[in-house]
Structures are given as structure tokens and as C-alpha cells.
Amino acid sequence: MNTVFALLDCNNFYASCERLFRPELEGSPVVVLSNNDGCIIARSNEAKALGIPMGAPYFKNSSLIEKHHVEVFSSNYALYGDLSHRVMTILQQMEPEVEIYSIDEAFIRLPKNAGSALTEHALFLRKKIKKDVGIPVSVGMGPTKTLAKVANRIAKKDPGHGGVFDLANCQNRDTLLAGIEVGDIWGIGRRNSEKLYSQGIRTALDLKNSNDEWIREHLTVVGLRTVMELRGIPCIPIDHEPAPRKSVVCSRSFRKPVFSLTDLGEAVSSYVSVAAAKLRSEGLMAANLHVFLRTNRHRKNLPQHAETRMVSLVQPTSSTPALIRQALLGLAKIYQEGFAYQKAGVMLTELAKTGMRQQNLFQPLPKNNGDVMDAVDRINSRWGRNTVQYASSGLEKPWCMSQERKSPAYTTNWEELPIVKASP
DNA sequence: TCTGGGGTCCTAGGACCC
DNA sequence: TCTGGGGTCCTAGGACCC
């Protein structure tokens, strides 16, 4: 065995973040909703036990939720982002090779041949994160990333393991793989599960023992890589340096259907402002802008319209007004009167580092508003988003998403710090 | 009444080149 | 009657992830 991969995963992350500042909710069911309070995107163990499904629309489960007095939160990404950063910082201080895989997961490469010391080490990490940040985590280990993912799942499912499970030093790996649904393997989604089921491949063990040619043909090289990883052959390395991003997206569903081009324009303009600020914060500029809108796909009885427009910019830019101008021109071309629009958004692509841009032979460099944008960013960073905004984004914002159960920004806003009182 | 948002990668097919 | 072979690039769509 050459190396061991560990996957550290925060348990029910968003729900755990909310509960951290509401300790009286420990042991009781908690769910967190997506933007616009639409879907359930995180559940505490107690909420899972009640049978509240993941990703399901909130309104379809509200009676179950009320009946069991489930605590409901709108999503609070400032809070989750900050707590995630704290967890990842501890990992990076303690481990030489860390890949931050998502807001609540990190892969770690551990020294080879450490044997049972690995489990001790993982237990220590788990304890330290719980003590220093307050978030419970699970650690799974294996000879490949895919098996580390499986191990993590086992660690979570069976409380007997104390939140840590090692599939690298494990005698009965195949027996355990036989107990894992094929659709629960990292990289095997719903569509591929259906294909595999049609071939009688139902468990991780079945997939491990499946035919390479068939997998290559029907699940492409990506599926074949998963099979190899299940066999213990590492195909997906640790990615220390995240690849440069290729796109920035900002899109939102509306609180209620939007009909007018004016309201759509305000929304798009405000999404462009968010996307452009993100671009600048990473020292990037975009050469292409896509603007899109769509009606509610779930309302089959209403007329449907969904369209995207790509606008090529003469010069790459990160200037908010320049991007707003193009986005509104694109929007006007795809807007059709009479539809009840539910969502709009923008995507910026063909990104390049500021200062690396190719000049146009026939046109002078347009103004990039560098100093103005810099001032806007600094004001908004200090005093809060939208302290300064473009008039085209509107003031009333009737289209703005609803977030009725949002917790305070406990850790990122001085005005919202939690207050602790000592009892007499 | 009420159904999220932000990403990446792979493939097939068309257009085009010599 | 008989109509090549090899390659690149782009795009749309599908699939996956959290």
C-alpha cells in the first residue's frame, strides 16, 4: 500500500452550523432551506429520522415539519462559509496535503504504512475540530478517494465506529462494499444507477467486479475510473492547487412571478453586480456574458419560455457598468411579453487574469473603471453589500428572493454577534 | 400560494481545414 | 457506376458533484 486518502466531512453541515448558536436545539430536528426558502438542503439526524427527504420542496413537507416542531432555517451562507473556513484552517495547519473539496469536505493524504495509528490520528482531528470550532465531523480512510468516500459513509452510518472508519486496513472490504448501494458511490448518479441496475449491478461490490468494456462504453472513462478506484487503484489524485475557475454564475428565483422587462432588468443588473464583484475579488475579467431567463417549469399549465443569450464583449472586462449594459441588451432580445418569469441569471465565461488581456488591433482599450470599481468594492466590503449599488438594480426590488427564517450573521457582522449572559 | 444555486467534465456531431 | 483520410475546434446536451 502506497498511500492512504482520508475524507473529512462535516456532519449535516448547515444544520450543525445553525445548532452551534442555538445549543438548546441539540437533539431536536433541524432543517435548512435553499435560497428563496424553496427546498430542504440540510437536515439534522433527527430530521432525517422523521423521514424528511433531502432536496424536496419545503411546502410539500411543511405539515410533517410543523407536526414534529422541526426548527426551520433559511440558508445563511455567510455563517456557513465562515465556519467552513475555520475547519479548513485547522486541517491545513495540521496536515501537509489537504484538498478542500467543498464547503464541508476535505481530502487529506496520510503517510503510508501508518496502520492503526491512522485511526488514532483521525479520532484526534475529529476531537480537535469539535473542541475548537464546535462542528462534528466524520473521517473515512481508504487506498483511493472513492473508497475514502465509502469509508466516510460507513463512519457516519454506524455510530459504533466513533465517527472514524478505515477501509485501507480492513480485512472484510468486499463484504462492506456488498452493503453499499451502487447509487451511493461517489460519481454514480441517478441516471448511471438506472443503467447499472439494468445490468444487474446493484452494489459497490457488483460494480467493482463489473466488465470494463461495458463500463467504458456506457459510463465513459469517468465511470471506468470509479471502477478502478473501487478496486483500490488510485486514479484521482489529491488536488492541492485548485484549477483556475472557468465561469462565475449568479442567478436567483424570484419571490413571485415577474412579468415586466423593467423588473427583469433590475434583477439581472443586480446579479451582474454580484458576479462582477466576485470576478474582481479574484483578479479576473470576462470576455463573454450569458444572460438567461425562464418561466416556472413545474407549472405545466402555464405557457413556458426559457432562453439564453450569449454576448461577446469587445474587450474582456470586470467593470460592473460595462457588463450591466451588455446584459440588459441581451435580456431585451430574449424577453417576451406575457410570460410569468420565475428565474433569471447571468454567467461570465472566458475568464482571464487582469493584466493579461489581449488588446484589440482596431479598437482602443475601453475604460475598465478600475478606480471606481475599487472604491465601490471597498465601501461595500466595509459597510455591507449594496451600500453602493447601480441605479439599474432598482430600490424596491419586488422580485427579490424571500428568506423568512434566516439566522443572524453571528460570526461575520459586529451588529449580530451572539450575546452570552452569565447566570447568577 | 409555495419546487435552489454554482460548478466541472465528457461526448457526439457539425463545420471546417488541408 | 465509382466520391478519402485525418485532423481541429466549437457547441449543445448530458451527467455528475456539493
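Naming convention: chains lettered A, B, ... in sequence-line order (proteins, then strands); numbering from 1 in each chain.
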Of A:T226, A:T203, A:D174, the residue whose pairing with A:K208 passes side chain to side chain donor-acceptor pair (under 3.5 Å): A:D174
N/O (side chain, A:T220) to phosphate O (OP1/OP2, C:dA15) under 4.0 Å: no
For A:I236 and B:dT8, give me the distance from atom CD1 to atom P, rounded to whole Å. 17 Å
Atom CE of A:M347 to atom P of B:dG5: distance rounded to whole Å? 15 Å
A:E217 CD - B:dA12 C1' separation (whole Å): 14 Å
Can you measure A:Y14 atom OH to C:dC18 atom P for me and round it to whole angstrom units? 12 Å
Aromatic ring proximity A:W399/A:F259, centre distance under 6.0 Å: no
NA contact type, A:I40, heavy-atom cut-off 4.0 Å: base, sugar-phosphate, or nothing? nothing
Would you mind checking if A:E46 and A:R19 are paired as a salt bridge, meaning a charged N to carboxylate O distance below 4.0 Å? yes
Would you please confirm or rule out a distance under 4.0 Å between OP1 or OP2 of B:dC2 and any side-chain N or O of A:N36? no
Start at the 5' end of DNA chain B and walk down; is the nucleotide closest to A:V222 or to A:Y58 reached first? A:Y58
Short side-chain donor-acceptor distance under 3.5 Å, A:S74 and A:Q403: no
Taking 4.0 Å as the cut-off, does a side-chain nitrogen or oxygen of A:S247 come that near to OP1 or OP2 on B:dT8? yes
DNA chain B nearest-nucleotide lookup for A:P257 and A:S251: closer to the 5′ end is A:P257
Interatomic distance, A:L33 CG vs B:dC2 P [rounded to whole Å]: 16 Å
From C-beta outward on A:K246, which listed nucleotide comes closest to its side chain: B:dC2, B:dT8, C:dC18? B:dT8
Are A:Q342 and A:T295 linked by a side-chain donor-acceptor pair shorter than 3.5 Å? no
Considering only the P atoms, how many Å lie between B:dT3 and C:dC18, rounded to the nearest integer? 25 Å
Can you classify the ring geometry of A:F339 versus A:Y341 as parallel (below 30°), tilted (30 to 60°) or perpendicular (above 60°)? tilted
For B:dT3, does OP1 or OP2 lie under 4.0 Å from any side-chain N or O of A:S34? no
Does the side chain of A:R225 get closer than 4.0 angstrom to OP1 or OP2 of B:dC9 through an N or O atom? no
Quickly work out the A:I188 CD1 to C:dC18 C1' distance and round it to whole Å. 17 Å
Tell me which nucleotide among B:dT8, B:dC10, C:dC18 gets nearest to the side chain of A:K149. C:dC18
Side-chain N or O of A:K278 less than 4.0 angstrom from OP1 or OP2 on B:dG5? no
note: A:R190, atom CZ; C:dG14, atom P; distance rounded to Å ~ 12 Å
Closest to the A:W186 side chain, choosing from C:dC17, B:dT3, C:dC16: C:dC17
So, is A:R245 close to the B:dT8 phosphate, meaning a side-chain N or O under 4.0 Å from OP1 or OP2? no
A quick test of your reading: do over 12 heavy atoms of other residues, nucleotides or ligands sit less than 6.0 Å from CZ of A:R245? yes
Applying the 3.5 Å cut-off to both distances, the Watson-Crick or G-U partner of B:dC18 turns out to be C:dG5
Are any of A:Q342's side-chain N or O atoms less than 4.0 Å away from OP1 or OP2 of B:dG4? yes
Distance, rounded to the nearest Å, where A:N35 contributes CG and B:dC2 contributes P: 17 Å
From the candidates B:dG4, B:dG7, C:dA15, the one with an atom nearest any side-chain atom of A:N192 is C:dA15
Taking only side-chain N and O atoms of A:R216, does any of them lie within less than 4.0 angstrom of OP1 or OP2 on B:dT11? yes
From C-beta outward on A:F59, which listed nucleotide comes closest to its side chain: B:dG6, B:dC2, B:dC10? B:dC2
